[in-house]
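Here is the structure we will look at, set down as structure tokens.
Computation of the quantities below employed the complete heavy-atom set of this structure, encompassing side-chain atoms and omitting hydrogens, waters and symmetry-equivalent molecules.
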Amino acid sequence: TGGAGRALADAERSMAAIYELQGDRDRALTARLVAAEAFAANGHPGDAARERLSCAALLEMTGRYEEAVDLAARAGDEAQRAGRIDLRARALGLQGISRVKAGEFEPGMRAIRTGLSIALDSSLSVEAAEVYQRLGTAHEIAGDYAGARDALTAAVGLCATDGGERLERSCLACMAYVLRELGEWDRSEQLARDLQAQSPGPQATITADGMLGSIFAFRGDFAAARPLLAQSLDSASRAGQISMCLDSAAALAWLEEQEGALDDAHGHCRFLLDRWTRSEDRHYAVWGLRFAASFFARHDALGEAHAVAEGLAEIASTTGHPDALAALAHALGEVALAEGHPEAGAQQHERAVELHAGLEIPFEQAQIELRAGVALAAAGRRAEAIQRLVAAHRLARRLGSLPVAAQAATELSALGESIERRLGRRAAADHENGGLSRREHEVMRLVAVGRTNREIAGELVLSTRTVDMHVRNILTKLRCRSRTEAAARAGELGLLA
């Protein structure tokens, strides 16, 4: 019977591999769990531990953290009985990160550090790299992005010395996310492009597509951003990858509001809230829920704004992390403003700014400063409002986020402030001219009268490629999807006179 039991376990393991190739994660999970039980019942605890670790990793990726903790703990016990130090280290790392994501930060970090010590003391380079990646993710969840970058750098270094190419790609994908949050957009973009080049198929590039798409969106290049974000969201949804599913949906919603596609933005905000509700996530949805609360409150969907605020309250009370507390204060401020309580809204927005001040997440900080400026202005606190709007503009310009910089300038102008005096001559020219350079103005006037790019190139003595670039920049700066839309927008701004 022992041989038959082993054969059953091997068969289930093989079936699981087939299901995974087919993208059927539920049947793969079931097959691996059956294999694990068969291995354990027939005296093969090491093989059982390996199967349980695969199942726990899948559950952790899909946001089912409590189940992942239980399976990783069982795998750790079986690895101990088998004398498999490598599997024991991996089990502790996986159990730890699942606990961190479930809101149990301190015990989770202890498990991760124990697993890392075991791997390093035993010179297990690949296992140490995997647990370093877990450590980096734990730092990221706590809002310590510099610590996350350091841990991921160590993980990548160990992968490079011991040939862990697949794990290295996973670590680099995490690094691209961390660098985006730190505001190092050029480095994040390059990493994402490298990952796209190295990894065939949409499944392998979920994070790369999402990072590139979101950075393009935040810079204002909506035409380039949209297909990448849509691809990332679709692939992540099919794979059950909770992190990029939530992140890409949030970035799409943000982009769509910038383009004025409010129904689409509402749909993605609603999707984000629904998908988060069906998970145990306590981190990846935070920035998206913060934006969704603001969007709902500003667009007469107060019931949904309250629902988002309640979700953020749950996350903040469970984790106590400063980014979640800041997001909750921001959401409460937006609700207060929408309900006609500007002073309460201003106080909550100021609280959000204070909580976010110690975090190295500049793009979120710029958005929070911007909305705080709006709230303070509504409360009649003009001097403080100007201070916040100027800070938001400076942060956005440093990052290269044209949409946020333009919004900050618009809000200052609405207060009757001189853009040139508050933000400088360049900002004033951008605000006055829709951000278009002199050459882009010339191209825009010709686009508006129906000239093709080839005709414009001949008239201005430029290459067609240069005109193509100018037209793309015009669409980005005016936040338009087509030449016709750009011409109408330029007319509204008085740029065609």
Side-chain angles (χ1 to χ4, degrees), residues 49-50 52-80 84-159 162 164 166-175 177-178 181 207 241-243 280-284 286 315 318-324:
R50 186 183 294 278
R52 291 195 211 281
L53 280 177
S54 295
C55 294
L58 178 60
L59 290 168
E60 184 263 338
M61 181 190 76
T62 57
R64 295 161 64 181
Y65 303 131
E66 289 185 11
E67 294 174 80
V69 168
D70 291 342
L71 273 178
R74 290 187 65 184
D77 292 341
E78 288 167 334
Q80 186 94 352
R84 292 291 302 272
I85 297 173
D86 57 334
L87 296 180
R88 174 74 175 152
R90 292 181 57 210
L92 281 164
L94 185 49
Q95 182 183 352
I97 193 58
S98 298
R99 294 189 76 174
V100 166
K101 288 184 174 183
E104 302 175 38
F105 185 74
E106 293 301 333
M109 284 294 282
R110 284 196 295 273
I112 292 171
R113 293 190 185 283
T114 301
L116 184 58
S117 295
I118 291 171
L120 291 173
D121 290 347
S122 304
S123 301
L124 300 170
S125 298
V126 173
E127 287 75 13
E130 181 179 314
V131 185
Y132 260 125
Q133 182 187 23
R134 308 292 190 198
L135 180 62
T137 301
H139 280 299
E140 168 210 314
I141 287 168
D144 178 10
Y145 285 91
R149 178 177 53 198
D150 292 344
L152 290 169
T153 299
V156 171
L158 286 167
C159 289
D162 212 1
R166 182 175 180 180
L167 178 58
E168 183 179 13
R169 286 196 294 271
S170 178
C171 292
L172 290 172
C174 292
M175 182 72 87
Y177 179 90
V178 167
E181 295 299 275
T207 303
Q241 186 177 329
I242 188 69
S243 58
E280 298 168 36
D281 173 73
R282 296 293 182 274
H283 170 64
Y284 294 104
V286 167
I315 295 174
T318 302
T319 68
H321 294 322
D323 63 331

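- Remark: I85 CD1 is loosely packed, at most 12 non-hydrogen atoms of other residues, nucleotides or ligands lying under 6.0 Å away.
- Here the closest non-hydrogen pair linking A148 and G136 is CB-O, 3.2 Å.
- Under the ring pair (Phe, Tyr, Trp, His ring centres under 6.0 Å) criterion, no residue pair touches residues 108-131, with sequence neighbours excluded.
- Qualifying side-chain hydrogen bond (donor to acceptor under 3.5 Å, both in side chains) partners for R50, counting only residues two or more places apart in sequence or in other chains: none.
- In this structure, L87 and A79 approach most closely via the heavy-atom pair CB-CB, 3.7 Å.
- Across all non-hydrogen atoms, the minimal contact from A142 to P322 is O-CD, 4.1 Å.
- With sequence neighbours left out, E140 forms a side-chain hydrogen bond (donor to acceptor under 3.5 Å, both in side chains) with H283.
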Which atom pairs, one a donor and one an acceptor, fall under 3.5 Å between side chains of residues 149-158 and the rest of the protein, sequence neighbours left out?
from, atom 1, to, atom 2, distance (Å)
R149, NH1, E184, OE2, 2.5
T153, OG1, R149, O, 2.7

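- Scored by the salt bridge (Lys or Arg N to Asp or Glu O under 4.0 Å) test, D86 finds R84 as partners (sequence neighbours excluded).
- Evaluation of the side-chain hydrogen bond (donor to acceptor under 3.5 Å, both in side chains) test over residues 106-118, restricted to residues two or more places apart or in two chains, returns none.
- Taking OG1 from T207 and CG from L172, the interatomic distance works out to 11.0 Å, rounded to the nearest 0.5 Å.
- The salt bridge (charged side-chain N to carboxylate O under 4.0 Å, His left out) pairs that include a residue from residues 91-100 are R99-E104, where partners are two or more places apart or lie in different chains.
- Partners of H321 under the ring-ring contact (aromatic ring centres under 6.0 Å, His included) rule, at least two apart in sequence or in another chain, are F105.
- In terms of modelled atom types and a separation under 3.5 Å, the side chain of T62 and the main chain of L59 share a donor-acceptor contact.
- Among residue pairs with one or both ends in residues 88-97, those qualifying as salt bridge (charged side-chain N to carboxylate O under 4.0 Å, His left out) are R90-E130; sequence neighbours excluded.
- Among all heavy-atom pairs drawn from A129 and L167, the shortest one is CB-CD2, 3.7 Å.
- Judged as a ring pair (Phe, Tyr, Trp, His ring centres under 6.0 Å), not a single pair has a partner in residues 125-146 (not counting sequence neighbours).
- Under the rule for a side-chain hydrogen bond (donor to acceptor under 3.5 Å, both in side chains), E168 has no partner lying at least two apart in sequence or in another chain.
- E280 and R282 make their closest contact through O-NH1, 3.2 Å (heavy atoms, listed as atom of the first residue, atom of the second, distance).
- Across all non-hydrogen atoms, the minimal contact from A68 to E60 is CB-N, 3.9 Å.
- Applying the side-chain contact (heavy atoms from CB on, under 4.5 Å) test between I112 and each of V131, L92, T137, L94 identifies V131 as the sole match.
- The side-chain hydrogen bond (donor to acceptor under 3.5 Å, both in side chains) pairs that include a residue from residues 65-74 are E37-R74, R64-E67, where partners are two or more places apart or lie in different chains.
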